[in-house]
Every structure is written in C-alpha cells, then in structure tokens.
Undergrad: 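I have a structure I would like to understand better, so I am pasting it below and will then ask my questions one at a time.
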Amino acid sequence: MAMEIYVWKGDITSVQTDAVVNAANSSLGGGGGVDGAIHRIGGPKIAEECRILKIKKYPNGLPTGQCVLTSGGQLPSKYVIHAVGPVWKGGEYWEASLLETCYKNILQLSFERAFESVAVPSISTGIFAYPKELAAPIAIKTVLEHKGQFPRKLIFVCFDQETKDLYEEILNKSGTEYKEGISSF
Ligand code: APR
C-alpha cells in the first residue's frame, strides 16, 4: 500500500502523529525553530531523554544525517525523532547527500518502529540556512523512493506559505497524489 502524503501549513508541535521529527543539532541540547518549539511544548522529559542519549551513546554529539528517538513528552505525538540535518555551506560540502541521508534515516527508523504516521518539518531550511528550493526536492524524492510499509502516512509540515507552495509544486510536477491539511488525517 503506497504511503499517503500530506502537506500541511502549521506548527509541528500541534500535530498528533505516532512521531514528529525534530530539526535538531548534534548536541541534542535544544535550540530555536522546531527544536525550541518541541522542547518548549514537549516539556523537560524530552530534554532529559536527550541528555541521557548524549551521555550514553553520543558523547561526541549525534552526527549529521543521523537521528535518535525519544518520547513525545507532553506533545500530542507519542515520539520525537531528533534528526540532525546539514548546515548549508554553499553546496560543496556534501550537503545534498547528508540531507538525503537524514531523511532516509528518519524513514528507516519509522519503518523499524512501525510508525503509522510521521510529521516532518523542512529540515535544515531555517537556522541551518539550506535553500528551501534545493532542500524540498531532496525531501520529496527520498520519501517517494522509500519502499518500507511504514510509515503509512507522512505529513510534510510547512511553517510558511512559501514552503507549502514549493512542496505542492514539486509534488504536482511529479504527479504525486497528496492531501492538503490534516483534518482527514
Ligand atoms: N513547526 C514547523 N516548522 C517549523 C517550526 C514549527 N514550530 N519552527 C520553524 N519551522 C520551520 C522553519 O521555518 C524551517 O522551514 O522548520 C524548518 C527548519 O527550521 P529550523 O527549526 O531552524 O531547523 P534547521 O534549519 O534544521 O536548523 C537546526 O536550529 O533550532 C536549531 O537546535 C536547532 O541547531 C539546530 C538548528
């Protein structure tokens, strides 16, 4: 059964899915943007689980492209997948490959945990300054190439209209069916 794709404009902390993806950094110590919102709304349990993961598994930090799982704390979603996207450095430092790896690892973890539904922000396109128009095709291509039966539903969460228009333009061009909004979710 093909994965159902959704494109929705809003705040990822308000989405009720099995997992939401956090646009984290290697320190797993929180930050601004998505990271700030998830920790603010999700509460201290998420930060504590990140702290323990850092000490026990990633003393040198979570490498770019990798992801780890914590509970969702007080978020509507059950879990948070903390993923570290690449910082944009001009395009000559394997950023595209690292971003693709990041999405692949998110999908692989979702498959292994048999998550029905996962909400993903536009990783690296905020503070990490990855140009949206270069990142969006990578996000969509990687999701569409995913073969696992999980997740069954993937929501691209766009924080602004520009990002939503971009995702929809790419999905339309590729002839991919998608649903807008998450009321039917
Ligand atoms: N919900 C959904 N999307 C959001 C939200 C939110 N609450 N807040 C920001 N965004 C959007 C941004 O507009 C951008 O399109 O998510 C995308 C990713 O932006 P960032 O959160 O800034 O993440 P990123 O660019 O990957 O940078 C990660 O920022 O917050 C720090 O600790 C984090 O160091 C890490 C870096």
Side-chain angles (χ1 to χ4, degrees), residues 5-17 19-44 46-51 53-54 58 60-70 72-77 79-91 93-106 117-140 142-143 154-171 180-182 185:
I5 305 286
Y6 293 74
V7 181
W8 180 68
K9 181 161 83 82
D11 188 320
I12 199 163
T13 59
S14 61
V15 178
Q16 185 167 0
T17 43
V20 289
V21 174
N22 180 22
N25 63 56
S26 291
S27 76
L28 294 175
V34 173
D35 208 357
I38 282 181
H39 282 283
R40 186 169 57 251
I41 308 296
I46 297 174
E48 178 57 12
E49 289 181 42
C50 284
R51 192 182 67 80
L53 274 166
K54 176 88 177 342
Y58 300 101
N60 299 319
L62 181 63
T64 300
Q66 301 296 309
C67 58
V68 290
L69 190 73
T70 68
Q74 284 139 21
L75 291 172
S77 290
Y79 295 97
V80 178
I81 298 172
H82 302 266
V84 182
V87 176
W88 180 253
K89 297 173 184 163
Y93 291 85
W94 307 107
E95 294 97 320
S97 165
L98 285 165
L99 187 62
E100 180 183 5
T101 300
C102 193
Y103 280 101
K104 277 183 177 171
N105 285 328
I106 289 163
S117 56
V118 179
V120 192
S122 180
I123 296 169
S124 285
T125 64
I127 293 166
F128 279 0
Y130 206 119
K132 295 180 187 301
E133 65 280 4
L134 298 179
I138 293 171
I140 291 170
T142 310
V143 164
L154 185 127
I155 306 180
F156 284 118
V157 178
C158 305
F159 207 44
D160 51 53
Q161 193 59 41
E162 178 199 357
T163 304
K164 183 170 184 285
D165 292 345
L166 191 56
Y167 272 76
E168 292 187 339
E169 181 191 344
I170 298 163
L171 287 164
E180 271 195 76
I182 49 175
F185 191 61

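Atoms within each ligand, like the ligands themselves, are counted from 1 in listed order.
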Undergrad: Any N/O of Phe128 closer than 3.5 Å to an N/O of ligand 1?
TA: yes

Undergrad: Run the numbers for me: atoms of ligand 1, each under 4.0 Å from some heavy atom of Thr125, listed by number.
TA: 14 (C), 15 (O), 17 (C), 25 (O)

Undergrad: Given Thr163, Ile127, Val157, which has its nearest heavy atom closest to atom 20 (P) of ligand 1?
TA: Ile127

Undergrad: Run down the list Ser122, Ala119, Ser27 and name the one with the heavy atom closest to atom 18 (C) of ligand 1.
TA: Ser122

Undergrad: Pull out every atom of ligand 1 sitting under 4.0 Å from any heavy atom of Asn25, numbered as shown with elements.
TA: 32 (O), 33 (C), 34 (O), 35 (C)

Undergrad: So does Thr17 get a backbone contact from the side chain of Ser117, meaning a donor-acceptor N/O pair under 3.5 Å?
TA: no

Undergrad: Does any N or O atom in Val34 lie less than 3.5 angstrom from one in ligand 1, N or O only?
TA: yes

Undergrad: So if I count the atoms of ligand 1 from 1 in the order they appear, which ones are less than 4.0 Å from some heavy atom of Gly10?
TA: 1 (N), 2 (C)

Undergrad: Which ligand 1 atoms are under 4.0 Å away from a heavy-atom of Ala24?
TA: 35 (C)

Undergrad: Checking side-chain polar atoms at under 3.5 Å, does Asp160 have a donor or acceptor matched by the opposite partner on Thr163?
TA: yes

Undergrad: For the backbone of Val84 and the side chain of Asn25, can you confirm whether one donor and one acceptor N or O come within less than 3.5 Å of each other?
TA: no

Undergrad: Would you check the N or O atoms of Asp160, main chain and side chain alike, for any that come under 3.5 Å of an N or O of ligand 1?
TA: no

Undergrad: Need the ligand 1 atom indices (1-based, order shown) with element for anything under 4.0 Å from a heavy-atom of Gly32.
TA: 30 (O), 31 (C)

Undergrad: Does an N or O anywhere in Ile12 fall below 3.5 Å from an N or O of ligand 1?
TA: yes

Undergrad: Taking 4.0 angstrom as the limit and counting only heavy atoms of Gly30, give me the atoms of ligand 1 inside it, by number and element.
TA: 32 (O)

Undergrad: Looking only at distance, does Ile123 have an N or O less than 3.5 Å from an N or O of ligand 1?
TA: no

Undergrad: Which atoms of ligand 1 are found less than 4.0 Å from any heavy atom of Lys132?
TA: 15 (O)

Undergrad: Looking at Ser124 and Pro86, would you say the former's side chain and the latter's main chain have a donor-acceptor pair under 3.5 Å?
TA: yes

Undergrad: When you measure from the side chain of Glu100 to the backbone N and O of Ala96, does any donor-acceptor pair fall under 3.5 Å?
TA: no

Undergrad: Among the heavy atoms of Ser124, does any lie under 4.0 Å from an atom of ligand 1?
TA: yes

Undergrad: Could you establish whether Gly85 and ligand 1 come within less than 4.0 Å of each other, counting only heavy atoms on the residue side?
TA: no

Undergrad: From atom 9 (C) of ligand 1, work out which of Tyr130, Trp88, Phe159 has a heavy atom at the shortest distance.
TA: Phe159

Undergrad: Are the side chain of Ser14 and the backbone N or O of Asp11 linked by a donor-acceptor pair below 3.5 Å?
TA: yes

Undergrad: Run the side-chain contact (heavy atoms from CB on, under 4.5 Å) test on Ile138 and Tyr130 for me, step by step, so that the C-alpha distance in whole Å, both residues' side-chain angles and the decisive distance to 0.1 Å come before the verdict.
TA: CA-CA 11 Å; Ile138 293 171; Tyr130 206 119; 3.5 Å; yes

